[in-house]
Amino acid sequence: MYLGLDLGTSGVKALLIDAGQTVIGSGHGSLDVSRPHSGCSEQDPAHWIAACETAIAELKAAHPKELAAVKGIGLSGQMHGATLLDAGDKVLRPCILWNDTRSHVEAAALDADPRFRKLTGNIVFPGFTAPKLAWVKNNEPRIFANVAKVLLPKDFLRLWLTGEHISEMSDSAGTSWLDVGRRRWSADLLAATSLDEKHMPSLVEGTAKAGALRAELAAKWGVAAGIPIAGGAGDNAASACGMGTVGAGHAFVSLGTSGVLFAANAAYLPNPASAVHTFCHALPDTWHQMGVILSATDSLNWLSEITGKSAGELTAELGDTLKAPTGVSFLPYLSGERTPHNDSAIRGSFTGLAHESGRAVLTQAVLEGVAFAFRDSLEALKTAGTTLTRVTAIGGGSRSRYWLKAIATALQVPVDIPADGDFGAAFGAARLGLIAATGADPLAVCTAPATDATIDPDGGLGGAFADAYQRYRALYPAIRAATA
């Protein structure tokens with residue numbers, strides 16, 4: 001058996017697979033996000049451990065014998081979070097999360113240093129880790145002075161699991177400290193934020209062994225001590241391993257809290273001007289590009305809270321047949337936007353509202369707005385040298401066929417729906433645990449699932465969606481100018 005642990009924003013998932021990669025069972029522990037001020041997003045790392053314990057306990061209660069047979073563990077996690085530890089590994093402050101934009105001034109200052117884009121292949125986004133440390137230095141100097149180690153969220157879990165400070169390439173590529181082409185820390189970029197390599201964890205590939213399970217936890221869970229922990233991956237690279245998106249030309253669209261258009265690459269192809277992320281993949285000598293939307297299902301969840309209807313109830317009101325855009329447009333910038341704008345200050349909006357704009361019209365606009373944000377990412381990927389001919393849909397939002405029809409029509413590419421199964425980040429993490437424990441060929445393990453159905457673009461509505469997308473594109477500069 002092999003265990004995947006995925007530390008997400010809303011919870012920790014523990015997924016158990018057997019040697020044939022059949023999912024045996026899973027457990028879950030919930031998490032909340034603290035938003036002490038506008039643009040701030042934090043979590044207490046102690047809650048990650050508690051949620052992991054809950055997830056493991058749930059899995060153990062249902063599958064004690066299977067859990068006892070675990071031979072390898074893989075980790076996945078939300079990226080970019082700044083977990084600050086002192087010399088005794090004590091947490092110094094709540095972790096500043098990936099969707100926190102307080103460090104926009106520091107990010108702009110670092111991005112103005114040409115070394116960052118040259119070495120990392122990316123814009124320095126406010127959500128990345130390096131500007132967060134610059135913000136802490138400027139605003140919480142006593143805390144900064146006591147920082148001995150900076151860990152990404154999943155690697156804090158690894159510290160708890162193994163007692164070691166270790167990270168891997170895919171997650172570390174999102175810090176703005178990694179030389180992404182050479183797959184190593186950059187002393188120059190660390191020095192630009194008054195840090196050095198001793199503040200960083202050591203680095204391995206995602207498929208490699210990265211510590212062993214402590215005897216205390218092994219006894220508690222009823223598993224063997226010393227089980228190898230894989231390097232693992234950031235959540236999107238782990239999802240790609242789960243989906244088999246590891247070869248050049250393979251791509252997926254993820255409708256989660258954030259939205260991701262992800263493409264695997266066999267070479268390092270940076271183009272930071274497009275605001276596309278270019279990161280190391282979890283597999284050696286492999287990279288990936290992705291466009292990122294900060295509020296994908298979060299946009300629908302926001303509307304759900306406002307209307308008092310669940311997300312499922314809202315999308316059910318639209319039926320199954322794709323409709324032409326109504327003229328009401330929605331910009332899904334509830335917490336700023338990454339691709340293609342790199343704008344932490346912009347906020348969302350509805351335009352074109354009228355008396356007849358009921359709840360269903362607003363829901364349709366939200367789904368279309370997210371679909372058009374994915375189209376923005378598709379165009380940005382094109383400028384970075386990647387052309388996609390089809391994508392596979394994953395994430396909670398992909399349960400809405402209506403939404404997938406809107407995305408296929410907005411992107412003008414077919415959207416494949418995988419056969420029933422759990423192929424997300426926890427599954428990808430379990431696969432990496434299997435590889436680390438057995439030495440299996442990563443490409444033989446990280447295969448794609450069967451396709452259950454394909455949603456083609458709606459030919460009859462292609463023109464209407466193209467017109468609506470042009471209206472959508474015109475709104476950002478207009479609203480940005482009005483709110484500057």
Side-chain angles (χ1 to χ4, degrees), residues 6-12 28-52 77-84 91-108 125-140 143-144 150-154 156-157 174-175 234-235 255-260 292-308 310-311 330-338 341-350 366 369-370 373 395-397 479 483:
D6 175 42
L7 168 56
T9 311
S10 59
V12 173
H28 184 267
S30 296
L31 290 168
D32 294 318
V33 175
S34 172
R35 302 186 187 277
H37 305 286
S38 177
C40 294
S41 182
E42 299 180 344
Q43 284 178 331
D44 181 350
H47 295 170
W48 300 338
I49 293 174
C52 189
Q78 49 170 298
M79 296 180 69
H80 313 306
T83 315
L84 311 184
V91 175
L92 292 168
R93 68 170 328 283
C95 177
I96 306 175
L97 301 188
W98 59 274
N99 54 355
D100 187 294
T101 56
R102 76 183 75 183
S103 63
H104 59 93
V105 172
E106 289 80 4
F125 291 90
F128 283 13
T129 321
K132 291 171 180 153
L133 268 292
W135 182 93
V136 171
K137 181 184 179 184
N138 292 339
N139 294 274
E140 299 173 347
I143 289 176
F144 185 84
V150 182
L151 294 182
L152 295 159
K154 82 171 191 321
F156 180 78
L157 272 189
T175 62
D235 51 4
L255 272 167
T257 302
S258 60
V260 174
V292 177
I293 303 164
L294 290 179
S295 299
T297 60
D298 243 11
S299 294
L300 186 60
N301 292 337
W302 168 82
L303 185 65
S304 171
E305 292 178 8
I306 295 298
T307 60
S310 72
F330 174 72
L331 298 185
Y333 307 148
L334 300 180
S335 56
E337 191 55 295
R338 289 257 186 102
H341 303 305
N342 183 28
D343 190 339
S344 63
I346 194 66
R347 290 296 180 263
S349 69
F350 281 107
V366 167
V370 172
I479 290 176
T483 56

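- The distance from atom CG of Leu84 to atom CZ of Phe144, rounded to the nearest 0.5 Å, is 9.0 Å.
- Here CG of Leu97 is found 8.5 Å from OG1 of Thr83. Values are rounded to the nearest 0.5 Å.
- Proximity of Leu152 to Met79: side-chain heavy atoms (C-beta onward) are nowhere separated by under 4.5 Å.
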Item checked: Test log, rule side chain to side chain contact (heavy atoms under 4.5 Å, CB included), inputs Ile96 and Arg102 -> CA-CA 9 Å; Ile96 306 175; Arg102 76 183 75 183; 4.1 Å; yes
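- Counting heavy atoms from C-beta outward, Val105 and Trp135 have side chains that stay 4.5 Å or more apart.
- Aromatic pair His80/Phe125: ring centres not closer than 6.0 Å.
- Residues Ala296 and Gly259 approach most closely at CB-N, 3.5 Å, considering heavy atoms.
- Within 6.0 Å of CG on Asn139 lie more than 12 heavy atoms contributed by other residues, nucleotides or ligands.
- For Ser41 and Asn99, the side-chain atoms include at least one donor-acceptor pair closer than 3.5 Å.
- Note that CD1 of Ile143 is 15.0 Å distant from NZ of Lys137, once rounded to the nearest 0.5 Å.
- To the nearest 0.5 angstrom, Leu7 atom CG is 10.0 Å from Lys154 atom NZ.
- In this structure, the side chains of Asn138 and Glu106 come closer than 4.5 Å at one or more pairs of heavy atoms.
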Next item on the list: Applying side chain to side chain contact (heavy atoms under 4.5 Å, CB included), run through Leu300 and Val370 and close with a yes or a no.
Entry: CA-CA 9 Å; Leu300 186 60; Val370 172; over 6 Å; no
Check: Given the rule in the side chain to side chain contact (heavy atoms under 4.5 Å, CB included) test, do Phe156 and Cys95 qualify, once you have shown the distances and angles that lead to the verdict?
Finding: CA-CA 10 Å; Phe156 180 78; Cys95 177; over 6 Å; no
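- Rounded to the nearest 0.5 Å, atoms CD (Glu42) and CZ (Arg35) are 10.5 Å apart.
- The nearest pair of heavy atoms linking Lys132 to Asp100 is CE-O, 4.4 Å.
- No side-chain heavy atom of His341 sits less than 4.5 Å from a side-chain heavy atom of Ile346.
- Minimum heavy-atom separation, Gln43 to Trp48: OE1-NE1, 2.9 Å.
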Checklist line | Test log, rule side chain to side chain contact (heavy atoms under 4.5 Å, CB included), inputs Phe330 and Ser299 | finding: CA-CA 10 Å; Phe330 174 72; Ser299 294; 3.8 Å; yes
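- Listed here is the closest heavy atom pair of Leu31 and Val12: CD1-CG2, 4.3 Å.
- Pairing each heavy atom of Ser103 with each of Pro126, the nearest pair is OG-O, 2.9 Å.
- Between atom NE2 of residue His47 and atom OG of residue Ser34 there is a gap of 9.5 Å, rounded to the nearest 0.5 Å.
- Residues Gly256 and Thr297 approach most closely at O-OG1, 2.7 Å, considering heavy atoms.
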